[in-house]
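Here the structure is a predicted model, which means the values were calculated and not measured.
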Amino acid sequence: MPQEPDYRAAYEILDEALREADRILRQARLRVALRMEQADSGRTPEDAPPPDAL
């Protein structure tokens, strides 16, 4: 007898993956904005605080 798919577990995995992807994209956008701001002000990425400090 075939086993029924666990749709709830699949949904929870998908939901978690989407949340993680959203977090990664937000962090990337912040880093790009910071780099653009630094480029406009003449600072280099080495002058910036570490990413954990943001």
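- Contacts of Glu16 classified as side-chain hydrogen bond (donor to acceptor under 3.5 Å, both in side chains), with partners at least two apart in sequence or in another chain: none.
- Annotation for Leu18: hydrophobic cluster partners, listed by chain and number, are Leu14 (ILVMFWY side-chain heavy atoms under 4.5 Å, direct or chained).
- Hydrophobic cluster of Met36: the remaining members, joined at side-chain heavy-atom separations below 4.5 Å, are Val32, listed by chain and number.
- Here the CD1-CZ distance, from Ile24 to Arg19, works out to 14.5 Å after rounding to the nearest 0.5 Å.
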